[in-house]
Each structure stands twice: as structure tokens, then as C-alpha cells.
*Asks:* 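One structure follows; several queries about it will come next.
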Amino acid sequence: MLIDGFTVGAQLLNFVILVWLMKRFLYQPVLGAIAAREEKIATELADAATTQAQAKQQQDTFEQKNQAFDEQRADMLQQARDTAKAEGERLQAQAREAADAASTALAKALRADEQRLRMDLTRHTQQQVFHITRRVLGDLASAGLEQRVCEVFVQRLQAMTGAVRDTLAHALKAATTAEPALLRSAFALPAAQQAAVQTALDEAFGQSIPLKFETAPALVCGIELSAQGQKLTWSMSDYLTTLSSGLPEARLGQNGSA
């Protein structure tokens, strides 16, 4: 087979021209389109990576916030539990204190009521005893007994000393005929007893003392000398009154110290 050089050359030239034409009008645009497409894809991939990174960052931020919220919620719940526990303990302690105070107040009130009842019972019993004693002494009183009381009174008058005697002496010495000293007794004293009392007064205070005698049935087994507001009394009734007024205080003191 013979090779035609012209034909080969023409075909080679045509091929070169075709290649140049394809490169000039087809291959370059295709390559440009491919490059542009690759650049677009790369850009989109970069954007996707950036978006993914942002999404990952937002997810991490959300997870961190969610974790912080969970931790904060747990802290708040724990604080609420601690506060509720402390408040419950405080209320329990306050309730116990209130109960103890109420119990103490009740016990104190009961003791006071018991003490008051005992005092009332004691006072009532004493009043009955003293009332009966006064009645018995009143029934036993007689003129002879009053005379003996008068003798004891004279002995006490003669034995007086100190400030009490000075005060009584001043009052008796100030007595006058218009306003004499007064001697009262449950029974009328015989003239001899009156004279004995008068003599004892005059000798005890060194001058004649104006004296008036009266009867006072309320003075059970007793005698009373008064002048210018000053009194000297000796009677069983006074002993009973002193005992009656003294025993409740003594009883109260014993109850208070118990």
C-alpha cells in the first residue's frame, strides 16, 4: 500500500487544525466550566464546612448552656431542699420551744393554782380554828380570869423599857382630865383592880395619869390601854390574830421554797 505524503500531510494538518479548534473553542470553555464548577463546588464545600462548623459550635454552645442549666437547676433544687430542710428544722425547733413554753406555763399555772388552793384551804381552816378558839375563850372568860389578865398586864407595864415605854410615857403624860387615857377590858374591873392599875401607871411614869375605865366584850381575855393614839394591849384575841396573820405567810414561804 502506497502512502500518499500529501494526503498524510493534509490529514495531519486537518488534525492539527481540528485539535486547535477543539482546544480553542471546545476544550478551553470545557476546562473553564470544569474549573468554575470545581471552584463552585469547593466554595460550596467550604461554605458547608463553615456551616457545619457553625452548627457544631452552636450545638456545643447549646449543650454547654443545657449542661449549665442542668447544673444550675440541680443547684437550685439542692438549695431549695436545703432551705426547706432548714426551715423545717427551724419550725420544728420553734414548735418544740413553743410546746416547752406552753408546758412550762401550764405547769407553772397548775402549781400556782395548787398553791392558791392550798393557801385558801389553809386560810379557811385557820379561820375556822381561830373562830372556834375565840368562841371557846369567850365561853371560858370570866371576871376572875379578867382580873388575872389585869395582873399580867400590870406586870408587863412595869417591865416595859426602851423606845416603846418612852413613846407610851409621852402619850400618857399628855393625857388630861378632859381627855384621859382609856383602859378597856372585857369585864368590868373591880375597884381594887382599877386602883392597882392606876397605882402601877402612876408609879411607872412618875405622875398621876388621868385614866378612864370601859368594858369591851370584843377583848376576849384581854386588856387594852390607849392614850393619844398609842396603845398597849395584852389579850388572847391579839395572840390569835397575830398567829392567823403569820401562818399564811409562813405557809407561802414554805411553798415558795419547795
Side-chain angles (χ1 to χ4, degrees), residues 116-255:
R116 184 165 53 254
L117 289 175
R118 288 181 179 178
M119 290 181 61
D120 292 341
L121 179 60
T122 301
R123 187 180 298 106
H124 179 71
T125 303
Q126 292 171 356
Q127 290 174 352
Q128 294 298 321
V129 170
F130 295 137
H131 178 68
I132 294 173
T133 303
R134 284 191 175 91
R135 290 184 59 185
V136 171
L137 289 176
D139 293 340
L140 294 177
S142 63
L145 181 59
E146 289 295 324
Q147 291 179 9
R148 177 55 185 162
V149 170
C150 184
E151 294 175 359
V152 174
F153 178 77
V154 169
Q155 294 176 1
R156 289 193 60 190
L157 183 63
Q158 293 173 344
M160 287 181 61
T161 59
V164 176
R165 184 183 184 283
D166 294 339
T167 301
L168 183 61
H170 180 75
L172 291 174
K173 291 179 179 180
T176 62
T177 304
E179 190 176 353
L182 179 63
L183 190 138
R184 301 192 308 159
S185 60
F187 291 89
L189 296 178
Q193 295 294 328
Q194 293 183 6
V197 173
Q198 184 68 63
T199 301
L201 283 175
D202 296 343
E203 292 178 354
F205 299 104
Q207 70 178 50
S208 178
I209 305 298
L211 187 62
K212 179 182 178 181
F213 294 89
E214 287 184 356
T215 58
L219 290 172
V220 180
C221 297
I223 192 169
E224 177 187 89
L225 174 65
S226 62
Q228 303 294 320
Q230 300 297 323
K231 291 183 179 181
L232 176 64
T233 305
W234 188 90
S235 69
M236 293 299 296
S237 178
D238 286 341
Y239 281 127
L240 292 176
T241 301
T242 302
L243 183 61
S244 175
S245 61
L247 282 179
E249 285 79 7
R251 180 66 176 178
L252 178 61
Q254 292 175 358
N255 289 337

*Asks:* Within a 6.0 Å radius of atom CD on Glu179, are there more than 12 heavy atoms belonging to other residues, nucleotides or ligands?
*Replies:*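 Count not over threshold, so no.
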
*Asks:* Sequence neighbours excluded, which residues qualify as salt bridge (Lys or Arg N to Asp or Glu O under 4.0 Å) partners of Lys212?
*Replies:*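 For Lys212 the salt bridge (Lys or Arg N to Asp or Glu O under 4.0 Å) partners, ignoring immediate neighbours, are Glu214.
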
*Asks:* So, for Ala181 and Ala227, which heavy atoms are closest and what is the spacing to 0.1 Å?
*Replies:*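 Here Ala181 and Ala227 meet closest at CB-CB, 3.9 Å.
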
*Asks:* Please round to the nearest 0.5 Å and tell me the distance separating atom CG of Leu182 and atom CD of Glu224.
*Replies:*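 Leu182 CG to Glu224 CD: 7.5 Å, rounded to 0.5 Å.
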
*Asks:* What are the two closest non-hydrogen atoms of Leu201 and Leu225, and how far apart are they?
*Replies:*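 Scanning both residues, the minimum pair turns out to be CD2-CD2, 3.7 Å.
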
*Asks:* Please enumerate all residues that pass side-chain contact (heavy atoms from CB on, under 4.5 Å) together with Ala200, with sequence neighbours excluded.
*Replies:*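 With sequence neighbours excluded, Ala200 shows a side-chain contact (heavy atoms from CB on, under 4.5 Å) to Val154, Leu157, Gln158, given in chain and number order.
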
*Asks:* May I have all residue pairs that pass salt bridge (Lys or Arg N to Asp or Glu O under 4.0 Å) and include part of residues 161-176, sequence neighbours excluded?
*Replies:*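 Every pair satisfying salt bridge (Lys or Arg N to Asp or Glu O under 4.0 Å) with a residue in residues 161-176: there are none.
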
*Asks:* Output all residues satisfying side-chain contact (heavy atoms from CB on, under 4.5 Å) with Gln230, sequence neighbours left out; order by chain, then residue number.
*Replies:*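 For Gln230, the residues satisfying side-chain contact (heavy atoms from CB on, under 4.5 Å) (neighbours in sequence not counted) are Thr167, Leu168, Ala171.
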
*Asks:* With sequence neighbours excluded, tell me which residues meet side-chain contact (heavy atoms from CB on, under 4.5 Å) with Asp202.
*Replies:*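 With neighbours one apart ignored, the set is Gln198, Ser208, Ile209.
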
